[in-house]
Each structure stands twice: as structure tokens, then as C-alpha cells.
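Within every chain, numbering begins at 1; the chains are lettered A, B, ... in the order of the sequence lines, protein sequences first and strands thereafter. Predicted model, so just to flag it, every value in this text is computed and none were measured.
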Number of protein chains: 2
Amino acid sequence: MARKTKADKEKTYQALIEAAAELFRSQGFTATTLNEIAERAGVTRGAFYGHFSSKSEVIQAIWEEQALPFFEPIKDTLLNLPQDKPAEAFRQQINSLLELFEDNNIVGRAFFIIMHNMEISDKDKELVEFLSDKYKLYEQVLCCAYKKLGEAGNLKQGVNPDHAAMGFLYILIGMINMALLPFGDFDYERDGYPVFEHYLNSVLMD
Amino acid sequence: MARKTKADKEKTYQALIEAAAELFRSQGFTATTLNEIAERAGVTRGAFYGHFSSKSEVIQAIWEEQALPFFEPIKDTLLNLPQDKPAEAFRQQINSLLELFEDNNIVGRAFFIIMHNMEISDKDKELVEFLSDKYKLYEQVLCCAYKKLGEAGNLKQGVNPDHAAMGFLYILIGMINMALLPFGDFDYERDGYPVFEHYLNSVLMD
DNA sequence: CAGTAAACATACATACGTGTATGAATAAAT
DNA sequence: ATTTATTCATACACGTATGTATGTTTACTG
């Protein structure tokens with residue numbers, strides 16, 4: 001095939017990323033073949049190998065280029081909650097996070113892929129390490145945020161910050177799981193927000 | 001190879017189920033090959049095809065023969081919570097459920113596999129339907145139980161039964177996810193119970 | 001105590017996924 | 001304008017997973 005312009009190359013790159021993310025989400029990482037990715041992107045495997053050297057490399061690209069730019073600011077805010085009214089800032093960031101999932105499909109998919117990394121465990125050690133690092137990062141960020149909330153006296157009495165953080169993470173994982181299921185009709189407004197609202201109300205002082 | 005006794009046949013059957021469940025959990029359904037299952041069970045693929053006609057059939061067997069007998073009584077109790085002190089009965093069943101995960105590995109694995117069914121979606125329609133049915137069943141059982149709790153006046157004021165049920169399911173999924181991750185060291189006593197305890201306390205009247 | 005059928009191993013045919021090597025056509029460089 | 005380099009398709013080689021056909025031994029059956 002003929003050579004394309006640089007802009008065209010970028011387009012195929014994005015198409016490959018998009019296709020891979022959607023296929024990983026809907027069929028899982030292992031079940032998705034390079035042929036399927038290429039076909040969905042409107043190219044062949046030849047194009048794929050021009051951009052990536054393996055399937056694992058795509059996940060890392062999805063994370064770093066698509067999800068990270070959205071997550072980074074939220075993460076930073078959570079790690080540095082203000083001394084005054086940290087609960088308010090916390091709620092705000094959580095809402096940003098949920099809106100992210102609602103609006104930007106690729107971020108939800110990336111998060112989902114990370115959360116379901118065990119699917120590919122054992123067979124690709126390096127990738128598992130990459131994914132588990134991300135997982136642990138989420139945990140740390142949440143624990144840190146809740147610790148701050150506790151220090152600022154914004155947690156209800158008897159609420160253990162670590163337990164609260166874990167509970168939050170569980171709910172987050174469960175909700176994303178639900179939201180991206182191939183069947184069912186998940187609706188954030190109806191099935192997502194109220195649950196978080198209730199959980200935050202049960203944990204935070206106002 | 002020589003013919004075995006009926007008891008021996010049953011042993012290989014169980015060995016295949018056990019092997020498959022553990023491999024599905026640790027590597028995922030798609031990534032697990034029939035050779036791996038057979039090898040882990042100490043037989044060859046010839047034996048596998050004597051008992052099952054495909055990989056999908058194994059999941060259904062795992063569910064129906066291994067997990068269902070444990071779940072059924074809990075499910076029935078949740079669907080028929082007593083009029084007086086339903087909250088107490090509910091707590092008790094949830095504890096039974098969690099103990100099940102803690103003690104009986106195959107139940108946890110079965111639950112996990114069901115919860116992560118999207119991994120195999122799209123490619124095996126029939127299996128996806130089977131799995132999604134189970135998923136929806138969980139949801140219904142929980143919603144029914146919380147509805148009963150609400151009617152009996154056992155939910156705290158302002159708690160929507162459906163939202164509470166969803167939140168519970170999210171936490172359950174998230175916890176199982178966490179518990180069966182290949183990395184990390186999940187401990188039910190430390191990471192499971194307290195979260196449920198807190199959640200139930202925030203939802204139920206005592 | 002034959003004869004049969006069952007339980008499982010072995011071997012084979014087929015399909016498919018991956019990765020690489022090659023080639024064509026044209027954008028970019030000089 | 002010519003050359004070079006690049007983007008991607010095509011073709012090939014290899015490994016591996018599946019499913020089936022066949023064979024072997026022995027438990028079961030009458």
C-alpha cells in the first residue's frame with residue numbers, strides 16, 4: 001500500500017487504539033486477536049506492527065495516552081486535599097471522576113481493563129506488573145485521601161479511614177464492572193451517582 | 001489407557017473441575033487451554049473430552065454442581081426474610097456468604113468467574129447468556145431482600161432499597177475482585193468483614 | 001469366564017494466531 | 001526532479017489449540 005501522510009499515520013494509530021480498547025472491554029484482552037483489532041480499525045496486521053510490537057504494548061499506550069491525562073489532575077487533587085473543607089473537595093473530585101466515566105468512554109474502558117487485569121495474569125509477567133502497579137496506585141490514592149479526611153475531622157465517628165477507602169474502591173470497581181457489562185442497561189444517573197451519594201453521606205461529616 | 005472404575009471416573013471428573021476452576025480464576029477463561037486443564041488434573045485431553053464436550057460446559061458444571069448447592073439455601077433465605085427481625089436474618093445470611101468465600105475456595109472461584117463473564121462475551125453467545133442470567137439473579141435476590149427490609153422498617157430513613165441493594169452488590173463484586181487478585185494479600189478478616197459491617201451499619205436500623 | 005463396553009491415551013487433521021520478511025506506492029527530503 | 005524513506009498490505013513460516021479418530025487396557029455384564 002501507498003505511504004500515507006503523517007496526519008494519516010496518526011489517524012490509523014488512534015483508530016487502532018480505539019478499536020483495541022473497545023475489543024478488550026467487550027471480549028477481554030486474551031480473546032481479542034490482532035486481526036480483529038486491525039480489521040475494526042480498517043487496516044491489516046501489517047499496519048498494527050508498524051505502530052506496536054505486541055498486544056501488551058497497546059494496553060500501556062491506552063493507559064498512558066488516553067486515561068492518564070484525565071486521571072492525573074484528579075489524582076493530584078486527591079493526594080493534596082486542602083486543609084479546610086477537604087470533604088467538599090473530595091466530593092467534587094469524585095464527581096469529576098464519575099463524569100469522566102460517563103462522558104469519555106475510553107477512560108472507563110482503560111480503568112475497566114486495569115481492574116480486570118487478572119484475566120491475563122500468569123502468562124505475561126511484565127504486563128501483570130504494569131497493571132498491578134496501577135491498581136495499587138488507586139488504592140494508595142484513596143487511602144491517602146481518606147487519611148486526610150480523617151485528620152481534618154471530616155469522617156463520621158467510628159469510621160476507619162482505611163476501611164472507608166477500601167469500601168469506596170470496592171464500590172468503584174463494582175460499578176465500573178456493572179457499567180461496562182455487555183448485557184444490561186447501566187445508567188450513571190440512576191445506578192451510579194445515588195450509590196456513591198449514599199456511601200459518601202454515610203462516611204463523611206457535613 | 002486402561003479402563004477405570006466408576007469411582008475413579010468420578011475422581012478424574014472432580015479433578016478436571018477443580019483444575020479448570022483454579023485456572024479460570026488465575027488466568028481467565030480464554031487464556032486457559034484444555035491441555036492445561038487436563039495436565040493440572042493429571043490426565044490428557046482424551047480424558048477431558050470423555051467428560052465434557054467443550055470448555056464452556058465446564059463453567060456450567062462448576063456453577064451447578066459446586067457453587068449452587070451452597071448458594072441455594074442462602075438465596076432462599078434472602079428471598080423469604082422473616083417478618084420479624086429481617087435485618088438480623090439478613091446479616092446472618094451475609095455472614096454465611098462471606099464465610100463461604102473464605103472457606104470454600106471453589107465457591108469463591110465460581111462466583112468470581114460469573115462476575116467476570118464479560119471476558120468471554122461476544123464470542124460464545126450461549127455461554128454469555130448463561131452467565132448473565134446468574135448475574136441478574138444476584139441482583140434480583142438482593143433487591144428483593146432490601147425491599148423486604150424496607151417494608152419491615154429496617155432501613156434507615158432516606159435509604160432507597162434499590163440503591164442500597166446495588167451498593168451492596170458493587171461492594172460484593174469489588175471485594176471478590178480484590179480477594180482473587182493474583183497479587184496482593186487479601187484477608188477477609190481485615191479487608192472484607194469491616195467494609196460490609198460498615199455498610200450494613202450505615203443502611204440498617206438496629 | 002468370555003464378550004462387551006467404558007475410560008482414557010495417543011495420533012492426526014485442521015484451523016488460527018503471531019511475527020517476520022517482502023513488496024508496492026507515495027510522502028518527504030535534498 | 002530524483003532519491004530516499006516510510007506506511008501499510010501481502011505472503012510466508014511457525015507454533016499451538018481444538019476436535020476427532022483410533023487404539024489399548026481393563027472393569028463390568030450376562
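One interatomic measurement links the two molecules: CG of A/Asp8 to C1' of C/dA28, which rounds to 14 Å at whole-angstrom precision. The OH-C1' distance, from B/Tyr49 to D/dT18, rounds to 5 Å in whole Å. The CD atom of B/Glu39 sits 14 Å away from the C1' atom of D/dT16 (whole-angstrom rounding). The distance between atom CZ of B/Phe52 and atom C1' of D/dT18, rounded to the nearest whole Å, is 17 Å. For the pair B/Asp124 CG and D/dT18 P, the interatomic distance rounds to 13 Å; values are reported in whole Å. Between A/Leu34 atom CG and D/dC8 atom P the separation is 16 Å, expressed in whole Å. Taking atom NZ on A/Lys55 and atom P on C/dG17, their separation rounds to 10 Å, with Å as the unit. Taking atom CZ on A/Phe29 and atom P on C/dG17, their separation rounds to 15 Å, with Å as the unit.
Note on the helix from C/dC1-D/dG30 to C/dT30-D/dA1: terminal axis deviation equals 20°, with five pairs used at each end and the result rounded to 10°.
Judged by distance alone with a 3.5 Å cut-off, a donor-acceptor contact links the side chain of A/Arg45 to the base of C/dG19.
Closest contact between the side chain of B/Thr44 and the listed nucleotides D/dG19, C/dA9, D/dC8 involves C/dA9. Which of C/dG17, D/dG19, D/dA17 sits closest to the side chain of B/Thr33 comes down to D/dA17. Minimum atom distance to the side chain of A/Ala47 is reached by D/dC8, of the listed C/dT18, D/dC8, C/dA9.
Relative ring orientation between B/His51 and B/Tyr13 is described as tilted, the plane-to-plane angle lying within the 30° to 60° band. Ring geometry for B/Phe24 against B/Phe29 counts as tilted: the plane angle lies between 30° and 60°, on a 0 to 90° scale. Ring geometry, A/Tyr188 versus A/Phe186: the interplanar angle exceeds 60°, so the pair is classed perpendicular (tilted spans 30 to 60°).
Proximity of a side-chain donor or acceptor of B/Lys156 to a complementary backbone N or O of B/Asn201 within less than 3.5 Å is detected. Looking at A/Ser56, its side chain never comes within 3.5 Å of a backbone N or O of A/Leu127 through a donor-acceptor pair. Judged purely by atom type and a 3.5 angstrom limit, B/Tyr199 has no side-chain atom pairing as donor or acceptor with the backbone of A/Tyr199.
Proximity of B/Tyr135 to A/Asn177: side-chain heavy atoms (C-beta onward) are separated by under 4.5 Å at one or more points. A heavy-atom distance below 4.5 Å is found between the side chains of B/Leu34 and B/Tyr49. Considering only heavy atoms from C-beta on, B/Arg3 stays 4.5 Å or farther from B/Lys9 through its side chain.
Using a 4.0 Å heavy-atom criterion, one finds that B/Gly46 contacts the bases of the nucleic acid, with or without backbone contacts as well. Among the atoms of the strands shown, none is found under 4.0 Å from any heavy atom of A/Phe48.
No hydrogens or angles considered: nothing links the side chains of A/Gln92 and A/Glu88 as a donor-acceptor pair under 3.5 Å.
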- [ ] Starting at the 5' end of nucleotides 23-30 of chain D, put B wherever the base has a protein heavy atom under 4.0 Å, S where only the sugar-phosphate does, and a dash everywhere else.
- [x] BBBBBS--
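Between B/Glu139 and B/Lys136, no side-chain nitrogen of the basic residue sits less than 4.0 Å from a carboxylate oxygen of the acidic one, so the salt-bridge criterion is not met.
Contact check, B/His51 against C/dC8: a side-chain N or O comes under 4.0 Å of OP1 or OP2.
Remark: A/Lys134 is not positioned above the aromatic ring of A/Tyr138, lacking an NZ or CZ atom under 6.0 angstrom from the ring centre and at most 45 degrees off the axis.
Of the residues in residues 9-20 of chain B, those lying under 4.0 Å from DNA chain C by heavy-atom distance are B/Lys9, B/Thr12.
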